[in-house]
Amino acid sequence: MNSEKIRVGVGAIVMRDGLVLLGQRIGSHGAGTWALPGGHLEFGESAAACAAREVREETGLEIRNAVAAPYTSDVFAQEGKHYVTLFVVAQSDAGDPMACEPGKCSGWHWFRWAELPHPLFQPLATLRATGFVPDGAV
Ligand code: 8DG
Ligand code: MG
């Protein structure tokens with residue numbers, strides 16, 4: 001494994017009617033795994049603002065009530081990457097999520113937290129393994 005810098009990602013736990021929005025990653029590390037919308041935290045940006053921006057860019061949805069959730073620290077040994085992921089829980093009230101970046105995500109689907117699909121993107125798997133359950137999850 002090389003020794004790049006540690007990077008900070010934000011994972012947006014977007015809730016509607018108690019369900020959580022996930023998409024299958026394409027083309028970068030974690031390809032084929034189910035992940036939250038999210039991306040890199042930009043310089044000077046809050047985690048909540050990053051979550052709102054990434055959700056808008058990737059799904060076209062607007063979120064509200066973004067609140068901080070736990071973080072995870074994940075080493076992707078094969079790819080030589082190390083991410084700290086700041087999770088944010090937020091609500092989406094309306095609209096169908098769109099695959100705005102079709103080269104990166106094959107489409108968005110709503111899941112019960114208790115019945116998440118496999119395999120999960122590593123940071124989300126780590127979060128779930130802590131026993132964390134988002135408020136309002138069914
Ligand atoms: P950006 O460079 O446009 O900001 O990011 P992106 O194009 O949206 O890349 P991404 O692969 O979706 O996300 C960037 C990194 O964020 C990703 O390589 C790994 C990290 N990341 C985590 N946890 C999570 C997560 O739960 N969901 C998403 N989408 N990315 C995450 O560490
Ligand atoms: Mg992204």
Side-chain angles (χ1 to χ4, degrees):
M1 187 165 72
N2 65 23
S3 51
E4 283 184 54
K5 287 184 176 168
I6 297 167
R7 296 202 275 178
V8 180
V10 169
I13 301 172
V14 179
M15 311 278 308
R16 185 185 296 176
D17 299 330
L19 304 178
V20 176
L21 189 64
L22 296 182
Q24 212 164 8
R25 289 173 69 82
I26 299 172
S28 69
H29 65 293
T33 64
W34 291 89
L36 301 163
H40 294 98
L41 187 69
E42 293 184 354
F43 189 91
E45 192 176 45
S46 70
C50 178
R53 177 179 58 73
E54 291 284 355
V55 170
R56 190 179 302 121
E57 289 174 359
E58 296 182 351
T59 74
L61 297 177
E62 296 297 325
I63 58 173
R64 63 176 179 83
N65 282 0
V67 297
Y71 69 86
T72 65
S73 178
D74 297 276
V75 176
F76 299 82
Q78 286 183 342
E79 296 88 351
K81 294 181 187 294
H82 183 176
Y83 275 94
V84 171
T85 301
L86 309 177
F87 290 93
V88 171
V89 179
Q91 307 297 317
S92 165
D93 295 326
D96 288 330
M98 297 176 296
C100 297
E101 298 177 336
K104 291 183 173 181
C105 173
S106 60
W108 299 103
H109 305 276
W110 299 100
F111 294 94
R112 293 165 56 91
W113 186 262
E115 298 170 1
L116 297 178
H118 298 280
L120 290 175
F121 190 42
Q122 188 175 320
L124 179 57
T126 302
L127 178 70
R128 187 176 63 168
T130 68
F132 174 78
V133 178
D135 276 352
V138 294

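Owing to the predicted nature of the structure, the values given are computational and were not obtained by experimental measurement. Start at 1 and go down the list; that is how both ligands and their atoms are numbered.
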Item to complete: Could you name the option among T85, L124, L86 that has the heavy atom nearest to atom 22 (C) of ligand 1?
Response: T85

Identify the closest protein heavy atom to [atom]: which residue and atom is it, and at what distance?
atom	answer
atom 28 (C) of ligand 1	L36 O, 3.6 Å
atom 11 (O) of ligand 1	R25 NH2, 2.9 Å
atom 31 (C) of ligand 1	F121 CE2, 3.6 Å
atom 6 (P) of ligand 1	K104 NZ, 3.7 Å
atom 26 (O) of ligand 1	G11 CA, 3.7 Å
atom 13 (O) of ligand 1	G39 CA, 3.2 Å
atom 14 (C) of ligand 1	H40 CE1, 3.2 Å

For ligand 1, is there an N or O atom under 3.5 Å from any N or O atom of [X]?
X	value
E54	yes
R53	no
P123	no
G38	yes
E57	no

Discussion item. Before moving on, can you tell me the angle at the Mg ion (ligand 2) between the OE2 atom of E58 and the O atom of G38, to the nearest 10 degrees?
Written reply: 90°

Worksheet item: If you take all heavy atoms of P134 and M15, which pair is closest and at what distance?
Response: CB-SD, 3.9 Å

Item to complete: Would you name the heavy atoms of C100 and G60 that are closest together and state the gap between them?
Response: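 Minimum heavy-atom contact is SG-N, 3.7 Å.
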
Discussion item. With heavy-atom distances below 4.5 Å as the criterion, would you say the side chains of P123 and F76 are in contact?
Written reply: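 A side-chain contact exists here, since the closest heavy-atom pair is under 4.5 Å.
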
Worksheet item: Side-chain contact, heavy-atom cut-off 4.5 Å: V10 with E54?
Response: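 With C-beta onward as the side chain, the pair stays apart.
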
Item to complete: May I ask you to decide if the ring planes of H29 and Y83 are parallel, tilted or perpendicular, using 30° and 60° as cut-offs?
Response: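 Plane angle under 30°, so parallel.
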
Discussion item. Could you walk me through whether R25 and T33 satisfy the side chain to side chain donor-acceptor pair (under 3.5 Å) test, starting with their C-alpha distance in whole Å, then the side-chain angles of each, then the deciding distance to 0.1 Å, before giving a yes or no?
Written reply: CA-CA 6 Å; R25 289 173 69 82; T33 64; 4.7 Å; no

Fill in: E58 contact mode with ligand 1 (heavy-atom cut-off under 4.0 Å)
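Contact part for E58 vs ligand 1: side chain (C-beta onward).
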
Item to complete: Please confirm whether the backbone N or O of S92 pairs with a side-chain atom of R16, one donor and one acceptor, at under 3.5 Å?
Response: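 Yes, the answer is positive, given that a donor and an acceptor are paired below the 3.5 Å cut-off.
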
Item to complete: With W34 as reference, evaluate W110, F121, F111 under the ring pair (Phe, Tyr, Trp, His ring centres under 6.0 Å) test and give the passing residue.
Response: F111

Item to complete: Go through the steps to decide whether I13 and F132 satisfy the test side chain to side chain contact (heavy atoms under 4.5 Å, CB included), and finish with yes or no.
Response: CA-CA 12 Å; I13 301 172; F132 174 78; 4.0 Å; yes

Worksheet item: Does CG belonging to D135 count more than 12 external heavy atoms closer than 6.0 Å?
Response: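 Atom CG in D135 is not crowded, with 12 or fewer foreign heavy atoms closer than 6.0 Å.
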
Item to complete: Check if H29 has a non-hydrogen atom at a distance under 4.0 Å from any atom of ligand 1.
Response: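 Yes, H29 has a heavy atom closer than 4.0 Å to ligand 1.
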
